[in-house]
There are 2 protein chains.
Amino acid sequence: MATTKGGAATARKKNAGAGTGSARRAQLLAIAAEMFASRGYTQTTVRDIAVEAGILSGSLYHHFASKDEMLTEILQDFMGSLLRQFRSIADEADSPRAALDGLVRSSFETIHRTPHAVALYQNEANFLGSTPEFSFVTKASREVEKVWLDVLRAGIASGDFRSELEPTTTYRFIRDGVWSTVRWYDPRGRLQHATLADQYLTMLDGGLIAS
Amino acid sequence: MATTKGGAATARKKNAGAGTGSARRAQLLAIAAEMFASRGYTQTTVRDIAVEAGILSGSLYHHFASKDEMLTEILQDFMGSLLRQFRSIADEADSPRAALDGLVRSSFETIHRTPHAVALYQNEANFLGSTPEFSFVTKASREVEKVWLDVLRAGIASGDFRSELEPTTTYRFIRDGVWSTVRWYDPRGRLQHATLADQYLTMLDGGLIAS
DNA sequence: GTCTATAAACCGATAGAC
DNA sequence: GTCTATCGGTTTATAGAC
């Protein structure tokens, strides 16, 4: 744990000199993310990742200090960019309705763009939350929640959203309904992510019951 | 695999004679379910379960042929009773609206009553679906989907539900939104499952947007 | 940057005594 | 029904040659 950054520092140094970007490191992380997402973090062995990358398991430790470090880096990159994305959408929206619409569409876009990271977060976040090493995940989740809650509360206050809705519970229902999509959505299938967002917003905005 | 039922048969035999019910077996399964749900199936070791039960890991194999068998039995009991429950609700409902209302409320009730089994199904179903031994889970899931889809289609056909909704996608959104609740709902907390169902149905029926 | 070789720990499962 | 004792296999991770 104390030597956690050894391999990483070496890789970054070399990369900074070459100027090509740490392509190898990023490539290995992409492989790891896909396998972590599809078969689960604990079910994926470092051997599995190495074989998929065409090297031996020991060689992975030249790039990463531990298996945990791979997961940490994947989730940190994901949570960081997600939070920035959500904040900019909420900041630039003209109305609570437009903000919520943008947040939902951005979420489906994210599922389309980085399904592995989303699935990983979706499947392992609960377990990870209990270990101190991954407390940053819980922390980032709370920041994201704050953004959505502000939008919902503003909409209820302005009369745009129904006042019967309890903000926190409503947020959780929406969040889970949207992110769970990653379990069955196929990025290469015929159902486009924008269409999916349309369908979800149709249901969410107007409800199920015909008037 | 061939001797899968050895331990079980022994336990049931002894139990049938004593007439006390296979209380020990059920108790061990309850312990296993809770640990599988809270820290994940693969992250839970047979040693963990044994310690929690106050025995040694080897002793578990007197009751169960394998760790897999414990998971199978938990999920089989759960999926079976869930399917029966859903079918009876759909059959006895007077209208599509009443049927959907009943299905949703019954789901929240199930989360309240057996949170561990729900969480287990929610967290491991995707992974389990790929192994032939647990194909019964996927099969039961499809039967459940059929019940919900019939209700949604009937409601759209009768004009009770909005015709813009695509049944399959709508079902998945509802399913995920409802079942995901298990991740944050506390059965012993102050928020009752019936209240939660009310809040979800308020959002689902009428939508977010104020009229 | 990768390979060879291996350490150290852990896992599921078994055989047989009590 | 539980314990003692242990086997065989797998896992993460390390040290050092190339």
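Throughout, protein chains are lettered first and strands after them, A, B, ... in sequence-line order, and every chain is numbered starting at 1.
Out of C:dA13, D:dC3, C:dG1, the shortest distance to the side chain of B:Ser59 is found at D:dC3. Listed nucleotides C:dA13, C:dT2, D:dC3 differ in distance to A:His63; the shortest reach to its side chain belongs to C:dT2. Between C:dA13, C:dG1, D:dG1, one nucleotide has an atom nearer to the side chain of B:Arg47 than all others, and that is C:dA13. Nearest to the side chain of A:Tyr61, among D:dT4, D:dT11, D:dT14, sits D:dT14. Closest to the side chain of A:Thr45, from the set C:dT2, D:dT11, C:dA13, is D:dT11.
At whole-Å resolution of the value, NZ in A:Lys67 and C1' in C:dA9 are 15 Å apart. A straight line from CD1 of A:Ile49 to C1' of D:dA13 spans 13 Å, rounded to a whole angstrom. Rounded to whole Å, the distance from CZ on A:Phe36 to C1' on D:dT12 is 12 Å. One can place CG of A:Leu56 at 15 Å from C1' of D:dT14, the figure rounded to the nearest angstrom. Straight-line distance from the CD atom of A:Glu52 to the P atom of C:dT2: 15 Å, rounded to whole Å. In this structure, CZ of B:Phe64 is placed 15 Å from P of C:dT14, rounded to the nearest angstrom. When the C1' atom of C:dC11 is taken as reference, atom CE of B:Met35 falls 15 Å away, rounded to whole Å. What separates CG of A:Asp48 from C1' of D:dT12 is a distance of 13 Å, to the nearest Å.
Backbone-only engagement by A:Thr44 is indicated by non-hydrogen atom pairs under 4.0 Å involving sugar-phosphate atoms exclusively. Residue contacts shown for B:Ile55 are limited to sugar-phosphate atoms, with no base heavy atom under 4.0 Å away.
No side-chain donor-acceptor contact under 3.5 Å links B:Gln199 and B:Thr202. A:Thr195 and A:Asp198 form no side-chain donor-acceptor contact under 3.5 Å, judged by distance and modelled atom types alone.
You'll find the side chain of A:Phe136 stays beyond 4.5 Å of the side chain of A:Leu128, heavy atoms only.
Nearer the 5' end of DNA chain D, as judged by each residue's closest nucleotide, is the contact made by A:Gln43, out of A:Gln43 and A:Gly58.
Heavy atoms from other residues, nucleotides or ligands lying under 6.0 Å from CD of B:Glu52 number 12 at most.
Side-chain N/O atoms of B:His62 include one lying less than 4.0 angstrom from OP1 or OP2 on D:dG1. When the side-chain nitrogen and oxygen atoms of B:Arg24 are compared with OP1 and OP2 of D:dT2, one or more of them lie within a distance under 4.0 Å.
The distance between the ring centers of B:Trp179 and B:Tyr121 does not fall below 6.0 angstrom.
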